[in-house]
**Student:** 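Before I ask anything, here is the structure I am working with.
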Amino acid sequence: MGQPVRDYLLTLCVTAAVTYLLTGPVRKFAIATGAMPEIRARDVHREPTPRLGGIAMFFGLCAGLLVADHLQNLNSVFELSNEPRALLSGAALIWLIGVLDDKFELDALIKLGAQMISAGVMVVQGLTILWLPIPGVGVVSLTQWQGTLLTVALVVLTINAVNFVDGLDGLAAGMVCIAATAFFLYAYRLWYGYTIEAAAPATLFTVILMGMCLGFLPHNMHPARIFMGDSGSMLIGLILAASAISITGQVDPDTLKIFEGSTRQATHAALPVFIPLLLPLTIIAIPMADLFLAIVRRTWKGQSPFAADRGHLHHRLLEIGHSHSRAVLIMYFWSALIAFGTLAYSVHSASMWIVLGITALSAVGLVLLLLPRFTPRAPRWAESFVPPRYRRRKLPAVPTPVAGTAPEERVPVPAGINGATAIGNRSRFTDRRKAGTPS
């Protein structure tokens, strides 16, 4: 079997194209059905925006699986494994619950139960953790109950971590896309570097996940025209968890022959086996940290862990002075640094340059966090190649008022009955007061 790079690229493009093309009609459908909630005090956006973007993402998933099933180099994934069907079953269930939540605002416990049932559906069809490679102990075989509980816990944690970080335009889709890219490179190397066929499903899942996020991002970047909602955030969280479960609990570590040679050689050879324990955690390290801090913060205040607030990491970035776009880019930076840093270390664990590079980039990230008011400006000759926010602003000429005439009043243009981003043109003079503040 030749390396199916072209087939993966075709699957990625089809998934992204279907998601992108369907997002526009889904936005109109969300407006027509009223899936556009009122602005809450904890929200960052200032205008009502339709949700249900997960509908387009789910059909992108279906299109990606359908195309891959008809490609010569990827068809074996469906013939030799039941994991694609297990993923589609769990994804359909969690997506349906998300659509209902976007429209009717379901209770948090109902969504938690649906997440556990979706994970159970995948476990019943074979997508579960069978064993764990533990450093210093070896390969530990799990019983059926142990594997089921661990699988359900990982799925629920990943779904809620992605859901928690979905607070800024383009944040969740971008971070999951970065995580999926790192995971794809790792799974692809494990498949063709070690000729392990069991890594093929995870490779397919991650490339489809990349296409879903890339197709939705143009509609979701600031200012967002549509939100993915819980139908999208829970869906991509489940796919990310399914990829981690597939490559962690299905790949037999003995196939890597890690116990040959000296102790030092065995240690470096065993690193790709132990990385699956770390990589699924590192690619969602920031969302998971946000989830943990939110639970501690709300419990400390005597609130429910599911109570919404404005204490998430992206909210704090806005509070210290970062703009919306810069806060998103900073979160992208840290996600990429953690995910690709771990990936690079798994490939060349003995290289000191990788450690030094990660340390230097971490220092750069800390400097960016401490300079919220800093806005770089491009030189004059490069202004035509950069976005307008990086260009030097030209002060408009102020006309001199004629004596005896009253100044003209500026009347804002109405944005429409359902909000500027939903129907009608955007208001010329936006109200920049925070949501929930008195007029």
Side-chain angles (χ1 to χ4, degrees), residues 12 15-24 26-27 30 36-37 39 42-58 60 98 102 159 161-182 209-237 239-240 283-287 290 310 312-319 322-339 365 368-369 372 386-390 419-422 426 430 435:
L12 171 68
T15 306
V18 170
T19 304
Y20 176 80
L21 294 176
L22 287 181
T23 303
V26 167
R27 176 177 177 271
M36 193 167 52
I39 300 178
R42 62 184 175 92
D43 289 334
V44 177
H45 60 284
R46 302 183 180 93
E47 298 166 342
T49 305
R51 296 194 287 190
L52 291 178
I55 295 179
M57 303 179 80
F58 177 76
D102 289 342
I159 289 176
V162 174
N163 194 20
F164 270 51
V165 82
D166 185 25
L168 296 180
D169 298 347
L171 182 58
M175 291 181 66
V176 171
C177 185
I178 292 171
T181 303
L209 183 58
M210 291 165 55
M212 294 165 60
C213 295
L214 290 175
F216 184 72
L217 267 175
H219 299 273
N220 191 232
M221 293 301 292
H222 183 71
R225 294 174 55 82
I226 186 174
F227 296 149
M228 68 172 64
D230 282 2
S231 59
S233 61
M234 293 197 298
L235 176 63
I236 61 178
I239 299 175
L240 187 61
I283 58 182
I284 56 171
I286 294 180
D290 195 12
R310 287 182 59 90
H312 293 291
L313 296 177
H314 48 270
H315 289 139
R316 296 183 181 273
L317 288 175
L318 296 177
E319 290 175 357
H322 290 288
S323 64
H324 190 292
S325 300
R326 186 179 296 167
V328 172
L329 292 177
I330 289 176
M331 297 286 280
Y332 284 177
F333 173 85
W334 282 106
S335 298
L337 177 61
I338 296 174
L368 294 176
L369 289 175
V386 298
R389 62 178 177 274
Y390 297 123
T421 58
R426 184 176 298 276
T430 58

**Student:** Can you tell me how far CD1 of I55 sits from CZ of R27, rounded to the nearest 0.5 angstrom?
**Tutor:**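 If we round to the nearest 0.5 Å, R27:CZ and I55:CD1 are 14.0 Å apart.
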**Student:** Quick check against the 3.5 Å criterion: does N220 have a side-chain atom that pairs as donor or acceptor with the backbone of R225?
**Tutor:** no
**Student:** Closest heavy-atom contact between F216 and F227?
**Tutor:**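 Heavy atoms of F216 and F227 come nearest at CZ-C, 3.7 Å.
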**Student:** Measuring from L52:CG to F58:CZ, what's the distance to the nearest 0.5 Å?
**Tutor:** 14.0 Å
**Student:** For S233 and M228, work out which heavy atoms get closest and say how close.
**Tutor:** N-SD, 3.4 Å
**Student:** Can you tell me how far CZ of R51 sits from OG1 of T49, rounded to the nearest 0.5 angstrom?
**Tutor:**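 Rounded to the nearest 0.5 Å, the OG1-CZ separation comes to 10.5 Å.
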**Student:** Answer whether the closest heavy-atom distance between the side chains of V176 and I239 falls below 4.5 Å.
**Tutor:**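 V176 vs I239: side chains apart.
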**Student:** Just how far is it from atom CG of L214 to atom CG of L209, taken to the nearest 0.5 Å?
**Tutor:** 9.5 Å
**Student:** What residues form a side chain to side chain donor-acceptor pair (under 3.5 Å) with D102, not counting sequence neighbours?
**Tutor:** S231
**Student:** Nearest 0.5 Å, what's the CG-CG distance between L235 and L240?
**Tutor:**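 The CG atom of L240 is 11.5 Å from CG of L235, to the nearest 0.5 Å.
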**Student:** Keeping D169 on the side-chain end and A224 on the backbone end, is there a donor-acceptor pair under 3.5 Å?
**Tutor:**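 Checked: pair present.
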**Student:** Side-chain contact, heavy-atom cut-off 4.5 Å: V328 with H222?
**Tutor:**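 Side-chain contact under 4.5 Å: no.
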**Student:** Considering all heavy atoms of both residues, which atom of L12 and which atom of G211 are nearest to each other, and what is their separation?
**Tutor:**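 Scanning both residues completely, I find the closest heavy atoms to be CD1-N, 3.2 Å.
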**Student:** What side-chain donor-acceptor pairs closer than 3.5 Å can you find for residues 15-23, not counting sequence neighbours?
**Tutor:**
from: T15; atom 1: OG1; to: T11; atom 2: O; distance (Å): 2.8
from: T19; atom 1: OG1; to: T15; atom 2: O; distance (Å): 2.8
from: T23; atom 1: OG1; to: T19; atom 2: O; distance (Å): 2.5

**Student:** What's the separation between atom CD1 in I236 and atom CE in M212, rounded to the nearest 0.5 Å?
**Tutor:** 7.0 Å
